[in-house]
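A short worksheet on the structure shown next.
Residue numbers start from 1 in every chain, and the chains themselves are labelled A, B, ... in the order their sequence lines are given, proteins ahead of strands.
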There are 2 protein chains.
Amino acid sequence: MPSSTVENYLKHILLLSESAQDLVSMGELASALAVVPGTATTMIKALAREGYVAHQPRQGVSLTSAGRTVALSVLRKHRLVETFLVNVLKMDWASVHAEAEKLEHAISDEVLDRLDALLGYPATDPHGDPIPSRKGKLNFQVYASLATCALKQPLRIVRITEQTTEFLQFADQNHLLPGSTLSVTSRNLPAGLATIKTTGTRTQAMSITAAGKILVEPLRR
Amino acid sequence: MPSSTVENYLKHILLLSESAQDLVSMGELASALAVVPGTATTMIKALAREGYVAHQPRQGVSLTSAGRTVALSVLRKHRLVETFLVNVLKMDWASVHAEAEKLEHAISDEVLDRLDALLGYPATDPHGDPIPSRKGKLNFQVYASLATCALKQPLRIVRITEQTTEFLQFADQNHLLPGSTLSVTSRNLPAGLATIKTTGTRTQAMSITAAGKILVEPLRR
DNA sequence: TAAATTATTTTGACTAATCAAAATAGCGTG
DNA sequence: CACGCTATTTTGATTAGTCAAAATAATTTA
């Protein structure tokens with residue numbers, strides 16, 4: 001049984017390799033896990049010995065299929081727990097991440113399956129993040145973001161890719177939740193600003209960086 | 001924040017000092033925690049330094065009020081989680097103990113309060129064990145057991161004081177659940193046997209030791 | 001291409017929790 | 001009151017995970 005430390009390393013490698021095309025560097029891994037780089041190196045060498053990762057010294061690290069299995073299972077637990085906390089216990093959207101961070105290592109597959117059924121087998125968590133299936137299939141869909149989509153087009157928010165409480169509170173307060181509809185009225189790249197209009201005809205500005213964390217799909221029908 | 005190891009030590013001291021009148025010996029503590037006695041001694045000395053327990057060398061250990069607070073909080077988590085697993089997720093009565101053993105260290109007070117509300121503020125868990133209140137009050141009531149109660153008197157089971165899967169399965173299969181009614185028809189102390197009659201007029205024998213783990217109250221009305 | 005900057009790895013040390021086995025203290029019994 | 005049994009405590013080692021700081025490699029800059 002991998003320890004919860006090991007589970008965390010593997011989960012973060014999975015998460016980081018979604019954005020990073022290929023190998024995850026020690027630097028980004030270490031900072032995602034809030035440890036010093038030397039610690040990450042040491043740990044990764046141990047994980048490589050145990051067959052969870054492949055380590056290209058001085059290049060980076062990637063998951064083996066064994067490591068990927070563990071990582072997906074942890075991610076599934078995390079996202080189903082978040083969904084439970086929000087949908088059943090009515091907890092605050094912005095604060096459930098930290099809770100799930102602890103529970104994901106303590107919950108058994110048996111409990112998880114029943115939770116899944118109780119929730120009606122959801123495909124995504126409350127932030128729009130896809131929930132891996134029991135078999136370990138992750139529905140990885142590529143969406144545009146508010147930073148990259150076409151201007152003036154009607155859009156629906158599908159996902160918020162950032163789990164910090166502050167960002168989620170910002171999104172919540174500005175009605176930028178999965179399901180909300182809006183459009184991007186303009187962008188000013190040099191200034192790093194995007195202007196959006198929500199359905200309530202409210203217009204507001206946000207940074208391009210923030211806009212890039214809000215994924216959308218074109219609204220049709 | 002106490003580690004989950006520390007939480008476990010404190011919880012078990014609380015549990016053992018219910019039966020043991022006063023001080024808990026290193027021997028019983030060590031075997032409850034499945035560690036060697038030397039480990040328990042070392043750990044208890046550390047806990048004493050941190051103010052969680054009072055250690056009488058070579059006599060035993062007892063909780064300080066700080067230690068008792070932690071222990072009661074863990075016990076509350078354990079028993080509410082068990083109740084949730086059985087009442088909401090419909091898990092098997094006999095197997096939830098092990099699950100709760102892990103979750104009790106991962107769940108926050110915030111989540112726990114909501115779980116408590118969802119369950120309707122239960123006073124006991126599915127085994128009849130009293131759930132400490134949020135304020136740390138433990139409704140410690142003294143009950144007779146099938147080993148000590150009067151013969152031929154109509155009784156209602158209120159609690160099963162033994163958490164092993166095997167014992168709980170035995171109780172389940174013989175309809176010995178909290179709420180069931182029955183009476184003790186006879187006891188044979190030298191043989192170590194008790195004979196009981198459940199309402200379905202079924203008569204069966206069990207050891208006095210097992211009978212002592214089933215707590216009852218006289219059925220009146 | 002040599003020097004400088006940056007990222008990674010190594011080394012040595014530390015903490016929490018554990019065990020095996022030896023040392024010690026308290027018994028009770030003869 | 002000494003002897004022996006049992007429980008407890010000590011001692012020395014081990015494992016997982018971590019950090020600080022030195023050493024090394026790679027890449028960028030001049």
Quick one: [X] [atom1] to [N] [atom2], roughly how many Å, whole number?
X         : N       : atom1 : atom2 : value
His105(A) : dG17(D) : NE2   : P     : 12 Å
Met43(B)  : dT18(C) : CE    : P     : 7 Å
Glu50(A)  : dA16(D) : CD    : P     : 8 Å
Asn8(B)   : dA17(C) : CG    : P     : 11 Å

Do any side-chain nitrogens or oxygens of [X] fall under 4.0 Å of OP1 or OP2 in [N]?
X        : N       : value
Ser3(B)  : dA17(C) : yes
Thr39(B) : dT18(C) : no
Thr41(A) : dT8(C)  : no
Tyr9(B)  : dT18(C) : yes

5'-most contact on DNA chain D (nearest-nucleotide basis), Ser4(A) vs Gly38(B), goes to Gly38(B)
Who are the side chain to side chain donor-acceptor pair (under 3.5 Å) partners of Asn174(A), not counting sequence neighbours?
-> Gln204(A)
Do His97(A) and His78(A) have side-chain N/O donor and acceptor atoms under 3.5 Å apart?
-> yes
Exactly one of Asp113(B), Asp109(B), Asp116(B), Asp125(B) clears salt bridge (charged side-chain N to carboxylate O under 4.0 Å, His left out) with Lys77(B), and that residue is Asp109(B)
